[in-house]
Amino acid sequence: MYATAFRRGRTVRTIAASIVAVAALSLTAACGGDGDGGSDNAGKANSSAPASSGGQDAGTEKGTDAANGAGESGTADKGDKGGKSGAADVKDAKAQAQKPGAASDDEPIGDCDINKTVLSVQNVKNPINHMLLKATNGAGVDCKLVGYPSLKFGADAQAATPVNEDSKPQSVVVLAPGESAYAGITTSAADGSGDEGSKIDSLEVFIDGNEDSAEVELPGGSVFVDSAARVTYWQTDLQDALSW
């Protein structure tokens with residue numbers, strides 16, 4: 001009886017010991033597997049983390065460089081355009097300032113100075129008994145010729161030659177430096193109906209706005225003048241000056 005009980009107790013202890021051993025082995029295996037797997041995952045995470053960080057840094061650097069490059073390019077382009085525009089404006093301003101005869105909007109155009117105006121007279125074939133008076137602006141600025149020239153034929157003339165009122169232009173003649181204006185002169189009646197005609201060997205010209213006069217040489221040294229003599233208003237076109 002005691003032997004049987006002993007064997008049963010031994011058997012129970014053996015089975016319990018086996019169960020404990022199996023449980024211990026299972027626990028050890030489970031812990032070992034989890035530890036290796038966690039180590040591998042952690043290693044992968046650690047190895048991938050720098051790579052990801054490096055990629056982000058590289059992308060950030062490229063993006064920053066691209067943005068900086070675009071900004072510098074945009075700034076350079078704007079700077080170049082602004083510089084060119086500024087240089088063009090300065091060039092235009094200098095050109096305008098150096099342009100002969102350029103006057104500001106606030107500066108009025110003055111009368112032509114007879115001492116800076118080149119006057120000449122010449123015969124024309126048509127119409128007959130006509131001459132052409134030419135006035136050229138010899139000053140360095142624009143000037144105006146108002147009205148008509150006053151002519152004094154001969155030293156003994158008592159009055160200026162009358163003007164042909166029909167020849168009055170719509171506006172005052174303005175001359176830039178080097179430009180010319182014209183006045184037609186009828187010296188005598190074509191049909192001989194004029195009175196008090198005589199040969200004259202001198203011509204004195206006055207222009208508006210001047211106290212001085214200018215002696216103009218007559219073509220051939222003299223010209224026949226009678227009471228039909230007339231002068232036109234200043235014209236910008238010589239054909240207009242010879243139309244009366």
Side-chain angles (χ1 to χ4, degrees), residues 100-101 103 108-244:
I109 297 176
D111 295 316
C112 292
D113 186 346
I114 196 168
N115 296 308
K116 297 179 180 179
T117 303
V118 180
L119 297 169
S120 63
V121 66
Q122 65 186 69
N123 288 323
V124 295
K125 294 181 178 180
N126 190 40
I128 61 172
N129 299 343
H130 275 66
M131 293 192 303
L132 182 68
L133 177 63
K134 179 180 178 181
T136 303
N137 181 9
V141 296
D142 294 353
C143 67
K144 60 183 178 181
L145 286 173
V146 179
Y148 54 91
S150 294
L151 307 181
K152 183 180 179 182
F153 279 104
D156 297 331
Q158 299 298 313
T161 302
V163 65
N164 187 331
E165 290 293 347
D166 293 337
S167 65
K168 187 174 183 179
Q170 294 182 351
S171 60
V172 173
V173 173
V174 176
L175 299 179
E179 289 186 341
S180 300
Y182 309 89
I185 303 172
T186 302
T187 55
S188 60
D191 57 4
S193 59
D195 298 327
E196 303 175 357
S198 63
K199 186 173 285 188
I200 304 298
D201 59 7
S202 66
L203 174 61
E204 189 175 3
V205 178
F206 299 81
I207 60 177
D208 194 77
N210 290 259
E211 294 183 0
D212 294 336
S213 62
E215 292 283 343
V216 179
E217 184 178 357
L218 290 170
S222 64
V223 63
F224 182 81
V225 179
D226 63 19
S227 60
R230 295 289 185 275
V231 65
T232 69
Y233 281 83
W234 290 112
Q235 311 289 333
T236 56
D237 185 89
L238 65 87
Q239 295 300 328
D240 291 340
L242 296 174
S243 297
W244 291 273

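Start at 1 with the first residue, then count along the sequence.
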Point to revise | Summary of disulfide bond (SG atoms under 2.5 Å apart) pairs that have at least one residue in residues 116-202, sequence neighbours excluded | key: Cys112-Cys143
Exercise for review: Apply side chain to side chain contact (heavy atoms under 4.5 Å, CB included) to Asn115 and list each qualifying residue two or more places apart in sequence or on a separate chain.
Suggested key: Asp113, Asp212
Check your understanding: Who pairs with Asp166 by side chain to side chain contact (heavy atoms under 4.5 Å, CB included), at least two apart in sequence or on another chain?
Key -> Asn164, Trp244
Exercise for review: List in chain and number order the residues that pass side chain to side chain donor-acceptor pair (under 3.5 Å) with Ser193, two or more places apart in sequence or in another chain; answer none if no residue qualifies.
Suggested key: Asp191
Check your understanding: Considering all heavy atoms of both residues, which atom of Ala155 and which atom of Ser202 are nearest to each other, and what is their separation?
Key -> N-OG, 3.7 Å
Review point. Got a sec, which residues hit side chain to side chain contact (heavy atoms under 4.5 Å, CB included) with Ser222, two or more places apart in sequence or on another chain?
Key: Lys199, Asp201
For residues 234-242, which side-chain donor-acceptor pairs fall under 3.5 Å, sequence neighbours excluded?
from	atom 1	to	atom 2	distance (Å)
Gln235	NE2	Ser167	O	2.7
Gln235	NE2	Tyr233	O	3.3
Asp237	OD2	Gln239	N	2.8
Asp237	OD2	Asp240	N	3.3

Identify all side-chain donor-acceptor contacts of residues 173-188 below 3.5 Å with residues at least two apart in sequence or on another chain.
from	atom 1	to	atom 2	distance (Å)
Glu179	OE1	Ala176	N	3.0
Ser180	OG	Thr136	OG1	2.7
Thr186	OG1	His130	NE2	2.9
Thr187	OG1	Asn129	O	3.0

Point to revise | Summary of disulfide bond (SG atoms under 2.5 Å apart) pairs that have at least one residue in residues 150-224, sequence neighbours excluded | key: none
**Study point:** Closest contact, heavy atoms only, Ile114 versus Ala214
**Key:** CD1-N, 3.6 Å
Exercise for review: Quick one: do Asn137 and Leu145 satisfy side-chain contact (heavy atoms from CB on, under 4.5 Å)? Show the steps, please.
Suggested key: CA-CA 10 Å; Asn137 181 9; Leu145 286 173; over 6 Å; no
**Study point:** disulfide bond (SG atoms under 2.5 Å apart) pairs, two or more places apart, involving residues 173-205
**Key:** none
Check your understanding: Quick one: does Val163's side chain get under 4.5 Å of Lys168's, heavy atoms only?
Key -> no
Practice item. Not counting sequence neighbours, which residues clear side chain to side chain donor-acceptor pair (under 3.5 Å) with Ser213? List them please. Key: Glu204
Point to revise | side-chain hydrogen bond (donor to acceptor under 3.5 Å, both in side chains) contacts in which one or both residues fall within residues 149-159, not counting sequence neighbours | key: none
Review point. At their closest point, which heavy atom of Phe153 faces which heavy atom of Val225, and how far apart are they?
Key: CD2-CG2, 3.9 Å
Exercise for review: Identify the two heavy atoms, one from Leu218 and one from Met131, that lie closest to each other, and give their separation to 0.1 Å.
Suggested key: CD2-CE, 4.1 Å
**Study point:** side-chain contact (heavy atoms from CB on, under 4.5 Å) between Leu151 and Leu133, intermediate numbers included
**Key:** CA-CA 10 Å; Leu151 307 181; Leu133 177 63; 4.1 Å; yes
Review point. Is it true that atom CD of Glu217 has more than 12 heavy atoms of other residues, nucleotides or ligands lying nearer than 6.0 Å?
Key: no
Practice item. Keeping to residues at least two apart or across chains, list the disulfide bond (SG atoms under 2.5 Å apart) pairs with something in residues 158-213. Key: none
